[in-house]
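Numbers restart at 1 for each chain; the letters A, B, ... are given by sequence-line order, proteins then strands.
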Number of protein chains: 2
Amino acid sequence: MLNELDERIVHALAEDARRSFADIGQIVGLSAPAVKRRVDRLRATGAITGFTVRVDPAALGWETEGFIEIYCRRNTSPESIKRGLERYPEVASASTVTGEADAIVQVFASDMRHFERVLERIAGEHFVERTKSVLVLSPLMRRFTSGAPT
Amino acid sequence: MLNELDERIVHALAEDARRSFADIGQIVGLSAPAVKRRVDRLRATGAITGFTVRVDPAALGWETEGFIEIYCRRNTSPESIKRGLERYPEVASASTVTGEADAIVQVFASDMRHFERVLERIAGEHFVERTKSVLVLSPLMRRFTSGAPT
DNA sequence: GGTGAAACGGTCGATCG
DNA sequence: CGATCGACCGTTTCACC
């Protein structure tokens, strides 16, 4: 849990993770070393797990985005799903979920053919029974990143 | 579109956006100024849209994550969905999609009660006809962030 | 938390492969 | 294109108040 100052620091970093500590200090009203101490502490406690780049998938040639719901065979552990999906560079995020499906996977592909190929390969994984997928029409918001780099 | 060197630079930044250009150069086999020139170019062309922080929602007190599928009333534009959802700090990402639902919204809440409150408020938005939601059990992967800060 | 100083990294132009 | 060098300046980082 964080106090208000920490939240404002995280917010400043969420907007631009390469801002200098002095800049952030100006925004939140602290000196640069004070900001650094707090950021160090936030990293040590695990509230901040790292810094990453924000990319435009289209500019990178990843024009097609979609979500694939995975229905697994019995007795599939989250770890094996993770291990199975990690080999796909097209997979941006994945979570196990409640409901009918077992996992939701976010995929970026260069085009529809590429997406279809990825879908077929994932559907062919030994732990996958069937899939259901939707395509993203337009991304409306994208606020921050959570979790650890994988 | 990028060549392989650019992709490796983006990958290095995706792992740690605060790495120095010299470090990245070591990884990809270039000098620091060469890396900087390429990163500058990637930003100029819009392939890289910024840098952001990677947070642990749990450490920030956001223990409950879920996806809400939104079924809209007729004639709802993506823009009005976006405007409607922007007011929720709990919404991390949102996209319009193909399929039965009109949009998929990723939500972080402090606990189940909080999630339920957000769900009810979103379900009560004038443009929302009904919703369907799933809870995230465990996040398996989280690779990068796309799009612009909102 | 702030201050000040030293070490480090970013940035630029010039020059060469 | 990229490497390397030198120079300048901002940033990070640390010991200390």
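Ion pairing of Arg142(B) with Glu65(B) is present here, as a side-chain N (NZ or NE/NH1/NH2) and a carboxylate O approach within less than 4.0 Å. A salt bridge links Glu4(B) with Arg8(B): the distance from a Lys NZ or Arg NE/NH1/NH2 to an Asp or Glu carboxylate oxygen falls below 4.0 Å.
For Asp6(A) and dG1(C), the CG to C1' distance is 14 Å, given to the nearest whole Å. Spacing between atom CZ of Phe21(A) and atom C1' of dG4(C) amounts to 18 Å, rounded to whole angstrom units. Nucleotide dG9(C) holds its C1' atom 14 Å from the CG atom of Asp16(B), rounded to whole Å.
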Report all side-chain donor-acceptor pairs from residues 111-125 of chain A shorter than 3.5 Å, counting only partners two or more places apart or in another chain.
from	atom 1	to	atom 2	distance (Å)
Asp111(A)	OD1	Arg113(A)	N	3.2
Asp111(A)	OD1	His114(A)	N	2.8
His114(A)	ND1	Ser110(A)	N	2.9
His114(A)	ND1	Ser110(A)	OG	2.8
His114(A)	NE2	Glu90(A)	OE2	2.8
Glu125(A)	OE1	Arg87(A)	NH2	3.2
Glu125(A)	OE2	Arg87(A)	NH2	3.0
Glu125(A)	OE2	Tyr88(A)	OH	2.6

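In terms of modelled atom types and a separation under 3.5 Å, the side chain of Thr98(A) and the main chain of Leu135(B) share a donor-acceptor contact. At distances below 3.5 Å, at least one donor-acceptor pair connects side-chain atoms of Thr45(B) with backbone N or O atoms of Arg41(B). Judged purely by atom type and a 3.5 angstrom limit, Thr49(B) uses its side chain to pair as donor or acceptor with the backbone of Arg54(A).
In terms of phosphate contacts, Lys36(B) brings no side-chain nitrogen or oxygen within less than 4.0 Å of OP1 or OP2 of dG9(C). For dT11(C), the OP1/OP2 oxygens have no side-chain nitrogen or oxygen of Arg37(B) closer than 4.0 Å.
Here the range on DNA chain D touched by chain B, meaning any atom under 4.0 Å from one of its heavy atoms, is dC1(D) to dT12(D).
Note on Phe67(A) and Leu140(B): separate hydrophobic clusters, where clusters join Ile, Leu, Val, Met, Phe, Trp and Tyr whose side-chain heavy atoms are under 4.5 Å apart, directly or indirectly.
Remark: Arg73(A) fails to qualify as a cation-pi partner of Phe127(A) under the 6.0 Å distance and 45° angle criteria applied to the six-membered ring.
For the segment residues 22-34 of chain B, no residue has any heavy atom less than 4.0 angstrom from an atom of DNA chain C.
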